[in-house]
Protein chains: 2
Amino acid sequence: MTLDDTDKKILRILQRNAKLSHKQIGDAVNKSATPVYERIRKMEEAGIVKGYVALVDPRKVGKALIVFTAVHLDRHEHDAIKDFEREIGKAEEVMECYHMTGTDDYLLKVAVRDMEEYQHFIVEKLSRLQNIGTVRSSFVMTEIKHETAVNV
Amino acid sequence: MTLDDTDKKILRILQRNAKLSHKQIGDAVNKSATPVYERIRKMEEAGIVKGYVALVDPRKVGKALIVFTAVHLDRHEHDAIKDFEREIGKAEEVMECYHMTGTDDYLLKVAVRDMEEYQHFIVEKLSRLQNIGTVRSSFVMTEIKHETAVNV
DNA sequence: GGTGAAAGGTCCAGAGA
DNA sequence: TCTCTGGACCTTTCACC
């Protein structure tokens with residue numbers, strides 16, 4: 001599926017505010033509500049729009065500490081890697097996990113209440129996984145920018 | 001504002017799918033639509049719910065390369081830091097930027113089309129900012145997990 | 001917190017550019 | 001092929017119980 005300028009404009013709007021009506025979006029892109037609806041439906045079908053979610057402020061629900069945790073595995077066989085990935089997927093503290101280039105294998109973004117909860121995550125969860133080599137933690141002091149919107 | 005179990009349940013639902021009607025959410029938490037509506041409105045007012053957005057798959061709109069860029073500044077005076085933060089806020093390639101503990105000052109999450117576009121960002125944008133010391137780039141090979149939902 | 005009703009949005013069929 | 005109009009149906013929002 002290729003996106004024309006109208007599609008891209010709609011995407012930019014929806015990525016900022018998904019609560020606007022098709023009519024309001026139509027006014028912004030010089031179309032009526034129906035073509036807006038049709039274009040959105042097609043982008044949903046194509047998997048370009050993955051879904052609609054509410055964004056919650058972590059600090060206001062007691063998740064004030066954000067940590068980036070770089071993990072280096074001991075062994076790099078296929079099974080060891082798949083095991084790690086499966087287990088990390090289950091950890092509710094882990095919001096993001098990436099398999100990276102470079103000396104560290106994985107980069108995790110972890111959201112917890114405080115340092116005590118982070119220590120618990122490291123000692124009781126991460127360290128108990130098979131095959132963990134080294135772990136390096138970097139703590140977020142300030143969030144300067146956080147966009148969920150992709151630049152289209 | 002303190003959240004009871006019903007509020008938390010509503011937040012968990014909305015963070016997964018913001019398109020459900022108040023009636024559907026009410027069925028899931030054993031309430032009618034109105035109290036669901038009132039609770040959501042209060043959480044919006046309190047800033048717990050920051051907004052509603054569409055999630056777009058970066059790979060399907062030509063942003064296939066995700067890079068974590070660690071930046072170390074040369075000087076750490078107040079003005080130098082504020083300058084960097086203001087400029088990075090304007091860069092559309094930068095989806096996230098955090099002021100970090102440790103030897104690196106900032107961690108950026110950058111989304112671009114390909115390596116050529118990343119090189120352009122580093123050479124033409126980042127390196128042109130005053131005060132940049134060292135830059136280390138780590139590339140995402142695979143996204144194992146990416147949650148926007150905060151664990152409440 | 002529930003009920004019910006007004007206002008307005010979504011979704012789709014049919015027609016036209 | 002893409003867009004508009006009109007209408008059935010559903011949701012949001014709010015006054016009242």
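Note that the coordinates shown come from a computational prediction; the quantities given were computed from them, not determined experimentally.
The distance from atom CD of A/Glu44 to atom C1' of C/dC11 is 12 Å, rounded to the nearest whole Å. Separating the CD atom of B/Glu38 from the C1' atom of D/dC16 is a distance of 13 Å, rounded to the nearest angstrom. Atom P of nucleotide C/dT10 and atom OH of A/Tyr37 are separated by 10 Å, given to the nearest angstrom. Computed from coordinates, the A/Arg39 CZ to C/dC11 P distance equals 17 Å when rounded to whole Å. As rounded to whole Å, 16 Å separates atom P of D/dC2 from atom CD1 of A/Ile40.
Within a 6.0 Å radius of NE2 in A/His120, other residues, nucleotides and ligands contribute 12 heavy atoms or fewer. The 12-atom threshold is not exceeded at CZ of A/Arg59, counting heavy atoms of other residues, nucleotides or ligands nearer than 6.0 Å.
Toward the 5′ end of DNA chain D lies the nearest nucleotide of A/Lys42, the other residue of the pair A/Lys19 and A/Lys42 mapping further downstream.
Ion pairing of A/Lys82 with A/Asp79 is absent here, as no side-chain N (NZ or NE/NH1/NH2) approaches a carboxylate O to less than 4.0 Å. Of the charged side-chain nitrogens involved, at least one lies within less than 4.0 Å of a carboxylate oxygen, so that A/Arg41 and A/Glu38 count as a salt-bridged pair.
Within the 4.5 Å cutoff, the side chain of A/His22 has heavy atoms near those of the A/Ile40 side chain. A/Glu93 is not listed as a side-chain neighbour of B/Asn151, based on a closest heavy-atom distance of 4.5 Å or more.
The phosphate of D/dT12 has neither OP1 nor OP2 within less than 4.0 Å of any side-chain N or O from B/Arg41.
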For nucleotides 3-8 of chain C, tabulate all protein N/O to nucleotide N/O atom pairs closer than 3.5 Å, reporting atom names and distance.
unit_1: C/dT3; atom_1: O4; unit_2: B/Thr34; atom_2: OG1; d: 2.9

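Scored by the ring-ring contact (aromatic ring centres under 6.0 Å, His included) test, B/Phe121 finds no partners at all (sequence neighbours excluded).
Contacts between residues 21-31 of chain A and DNA chain D, counted as heavy-atom distances below 4.0 Å, involve A/Lys31.
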Subject >> B/Val56/A/Ile48 under side-chain contact (heavy atoms from CB on, under 4.5 Å): CA gap, chis, key distance, verdict >> reply: CA-CA 5 Å; B/Val56 168; A/Ile48 293 168; 4.2 Å; yes
